[in-house]
Amino acid sequence: MIDINLIRETPELVRAGMRKRGMDSSPVDEAVRLDEQWRAALVEVETLKAERNKGSKEVGQTKDPAERQKKIDAMKAVGDQIAALEAKVREHEDALNAVMSVIPNIPQDRVPEGVRDEDNIEIRRWGEPPKFDFEPKTHWDLGPELGIIDFERGAKISGSRFYVLSGAGARLQRAIIAWFLDLHIRQGYTEHYTPFVVKEETVYGAGQLPKFRDNLYKDHEEDLYLLPTSEVSLTGLHMDEILEENQLPLYYTAYSPCFRREKMSAGRDVRGIKRGHQFDKVEMYKYCTPETSDEELEKMVNDAEETCKGLNLPYRVLLKCAGDTSEAAMVSYDIEIWGAGVNEWLEVSSISNVGDFQARRARIRYRPEGGGALRFPHTLNGSGLGMPRVFLSVIENNQRADGSVVIPEVLHPWMGGLTVIEKR
RNA sequence: GGAGGGAUGGCCGAGUGGACGAAGGCGGCUGCCUUGAAAGCAGCUGUGGGCUUACGCUCACCGGGGGUUCGAAUCCCUCUCCCUCCGCCA
């Protein structure tokens, strides 16, 4: 949610932001109109309420029964007017909220124009895609051959886009998760383990609703949602709270599975483990003051890059163009790693400064140190990193001619002496 | 699943349908006192919205939602969460 004052004072700025994203800016006009109607109706109803409050107070002080009854009747009439008007106020208010909840955050000036992948700007690149003196295999060939990925049984028990990791494969993923978490802890993040099932309000607070309703798994009996990313629960952690400025910045990290219906991307990336309905992820999350969010974003990108470097995965960092930047974000970077078998760059992290967009929705505020009005903190989120693509890149990039896979050194402590995954 | 009890400001805790945005205490802030501090004394101390150039005015909020009433923290309904007991269960 953006600040309603931006709609009132600088609507053109908001319109320009939407156009930059390639969106139709008419919701802004509608918001302006609804806001005016809402406020007009509000003034009307509040004037009547003030009258009733005053009149009702007088009733209590009036001793004469006839006089008293006269006042009661008068206030009863005012009450009826209030009831009618209040319905109108709420109607306007609900309509305004509905429009406001689809208006995206305003992209920063440095965010490049454009709506396509090609409009993203490459900021830097690290490492070299590995060279092979044989034809490297894809993970959907390598995995089953090594007995570490089982697509058929995944589909059997859960349907398409599900798979099973077995033996050294399951262990390898767990090793990656553990190493990521420990790295982030060393970088100053506090580890959290959150529920993987959350209330609608929590999903809304993080800005995933109403937009991604079709992509979420929902328990209709209890009105609960399966986490699409732990960004949602980490935002919800401080929902409705007032923080103290001296607590900031807060650095959080969490491991969680993520569940997505991927309804919108039916037919895309159906092969392999690149895009599934369930995947594991280690997330980074920050709460900070508005003054520091830009530099905190750069630090978070660096923290994510460390994960790639440690695993020796070639990567590039992209500044996302406006149309590709998530609606909650003011600015986002993507990190893409190289997959030697699939022969493409794979998005493994999207690191965003969402400004006060989520804090406003989730009603998270902080008390400034010198006193004064409460403020909304800025929040940032980024994967560090998403499992399946890291996993596939690790096995594809480290494969050898005989079909075995060398395990990156940093993961050895969790592999129980295993340094190479071989056919058995 | 069954039976009870509870939810009030940063925290603790009182609350009779009109005096309650809410006693009292703690904490915090300011002033006096003091060489300084503590103690003591006095005052201040919630959030959000709307109107207004402004001083200011006003509305809402006592877990959430709805209702009764001229008027609700207070009465009724409902939901959520917490606690106690019984049952069941990984």
Side-chain angles (χ1 to χ4, degrees), chain A residues 1-9 31-101 193-205 209 218-225 233 236-248 250 257 356-377:
Chain A
M1 193 78 81
I2 62 165
D3 188 349
I4 185 75
N5 287 311
L6 292 171
I7 298 283
R8 288 176 190 157
E9 288 155 23
V32 169
R33 186 175 59 80
L34 287 167
D35 179 48
E36 279 166 7
Q37 288 177 351
W38 170 67
R39 283 188 290 165
L42 192 65
V43 170
E44 224 178 319
V45 78
E46 285 194 354
T47 308
L48 288 171
K49 279 189 180 177
E51 189 184 332
R52 184 178 66 180
N53 286 347
K54 194 160 152 274
S56 293
K57 202 164 264 185
E58 283 169 15
V59 169
Q61 294 158 351
T62 306
K63 295 283 175 275
D64 178 60
E67 188 71 13
R68 188 184 165 95
Q69 191 55 46
K70 211 176 122 191
K71 281 184 172 157
I72 288 176
D73 291 343
M75 286 311 106
K76 201 169 194 162
V78 174
D80 291 343
Q81 286 185 64
I82 290 172
L85 267 169
E86 222 160 29
K88 206 165 89 184
V89 169
R90 184 178 298 197
E91 227 171 84
H92 288 136
E93 200 174 4
D94 289 348
L96 178 60
N97 283 336
V99 175
M100 286 299 287
S101 69
Y193 170 84
T194 74
F196 302 149
V197 175
V198 290
K199 297 195 261 188
E200 168 139 4
E201 193 189 348
T202 311
V203 188
Y204 180 85
L209 282 176
K218 182 182 182 185
D219 171 2
H220 287 275
E221 211 163 316
E222 307 284 349
D223 270 346
L224 293 170
Y225 291 84
S233 52
L237 231 45
H238 292 297
M239 189 159 62
D240 285 313
E241 288 184 21
I242 297 170
L243 308 167
E244 298 297 331
E245 179 167 355
N246 63 24
Q247 292 178 261
L248 303 177
L250 292 169
D356 61 12
F357 195 88
Q358 288 176 333
R360 178 172 279 111
R361 281 193 171 210
R363 297 171 304 276
I364 301 163
R365 290 161 300 168
Y366 74 94
R367 207 181 298 283
E369 219 137 43
L374 300 179
R375 305 178 72 195
F376 290 107

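Just the heavy atoms: all of them, side chains too, but no hydrogens, waters or symmetry mates, feed the values below. Model, not experiment: these values are computed from the prediction. Quick note on labels: first sequence line is chain A, next is B, and so on, each numbered from 1.
Heavy-atom nearest nucleotides on RNA chain B were determined for A/Arg52 and for A/Arg365, and the one closer to the 5' end corresponds to A/Arg365. Place A/Ile4 and A/Thr47 on RNA chain B by their nearest nucleotides, and A/Ile4 ends up nearer the 5' end.
If you check B/A23 for Watson-Crick or wobble pairing at under 3.5 angstrom, you find it has no partner at all. In a base pair of the Watson-Crick type (N1 to N3 plus N6-O4 or O6-N4) or a G-U wobble (N1-O2 and O6-N3), with each distance short of 3.5 Å, B/G31 is matched with B/C41. Nucleotide B/G46: paired with B/C61 (Watson-Crick or G-U wobble, both distances less than 3.5 Å). Pairing partner, B/U69: none, since no Watson-Crick or wobble contact has both distances short of 3.5 Å. As the counterpart of B/C51, B/G56 is assigned, both hydrogen-bonding distances of the Watson-Crick or G-U wobble pattern falling under 3.5 Å. Judged by Watson-Crick or G-U wobble contacts below 3.5 Å, the nucleotide B/G17 has no partner.
When distances run from any side-chain atom of A/Met75 to the nucleotides B/G48, B/C70, B/C59, the shortest one goes to B/C70. When distances run from any side-chain atom of A/Ser56 to the nucleotides B/G66, B/G71, B/G50, the shortest one goes to B/G71. Checked against B/C59, B/G50, B/U47, the side chain of A/Arg367 finds its nearest nucleotide in B/U47. Distance from the side chain of A/Lys49 is smallest to B/A60 among B/G50, B/A60, B/U58.
The nearest whole Å value for the distance from the CD1 atom in A/Ile82 to the P atom in B/U68 is 14 Å. Look at CD on A/Glu46: it is 16 Å from P on B/G48, rounded to the nearest Å. Atom pair A/Leu42:CG and B/C61:P shows a separation of 13 Å (rounding to whole Å applied). If you measure from atom CD of A/Glu200 to atom P of B/G64, you get 19 Å, rounded to the nearest angstrom. B/A60 atom P lies 14 Å from atom CZ of A/Arg90, rounded to whole Å. A/Arg375 places its CZ atom 18 Å from the C1' atom of B/U47, with the value rounded to the nearest Å. If you take CZ of A/Arg363 and P of B/G48, they are 13 Å apart, rounded to a whole angstrom. In this structure, A/Lys199 atom NZ and B/C79 atom P are separated by 16 Å, rounded to whole Å.
Residue-to-nucleotide contacts include a donor-acceptor pair under 3.5 Å from the side chain of A/Arg68 to the base of B/G18.
Counting non-hydrogen atoms under 4.0 angstrom, A/Leu374 reaches the backbone sugars and phosphates but no base. Residue contacts shown for A/Asn53 are limited to sugar-phosphate atoms, with no base heavy atom under 4.0 Å away. Among the protein residues, A/Lys76 comes within range of the sugar-phosphate backbone only, with heavy atoms under 4.0 Å from sugar or phosphate atoms but none that close to a base. Among the atoms of the strands shown, base atoms are found under 4.0 Å from some heavy atom of A/Val59.
In this model, no donor atom of one side chain and acceptor atom of the other lie less than 3.5 Å apart for A/Glu244 and A/Tyr366. Side-chain atoms of A/Gln69 and A/Asp73 form a donor-acceptor pair, as typed in the model, at a separation below 3.5 Å.
Between A/Arg367 and A/Ile242 the shortest heavy-atom distance is NH2-CG2, 3.8 Å. Of all non-hydrogen atoms in A/Ala41 and A/Lys88, the two that sit nearest each other are CB-CE, 4.5 Å.
Taking atom C1' on both nucleotides, B/A22 is separated from B/G15 by 8 Å, rounded to a whole Å. Taking atom C1' in both B/G10 and B/C44, one finds a spacing of 16 Å when rounded to whole Å. The gap from the P atom of B/G50 to that of B/G13 amounts to 36 Å, rounded to the nearest Å. Going from the P atom of B/C12 to that of B/A7 covers 12 Å, rounded to whole Å. Nucleotides B/C70 and B/G17 place their C1' atoms 12 Å apart, quoted to the nearest Å. Look at the P atom in both B/C51 and B/U45: the space between them is 26 Å, to the nearest Å. The P atoms of B/U58 and B/G63 are separated by 26 Å, rounded to the nearest whole Å. Across B/A19 and B/G71, the matching P atoms stand 14 Å from one another, rounded to whole Å.
Proximity of A/Arg8 to A/Arg39: side-chain heavy atoms (C-beta onward) are separated by under 4.5 Å at one or more points.
Going from atom CD1 of A/Ile82 over to atom CE of A/Met75 covers 9.0 Å, rounded to the nearest 0.5 Å. Going from atom CE of A/Met100 over to atom CD1 of A/Ile4 covers 4.0 Å, rounded to the nearest 0.5 Å.
Cation-pi geometry between A/Arg360 and A/Phe376 is met: under 6.0 angstrom from the ring centre, within 45 degrees of the axis.
Regarding contacts with the backbone of B/G49, every side-chain N or O of A/Arg39 stays at 4.0 angstrom or more from both OP1 and OP2.
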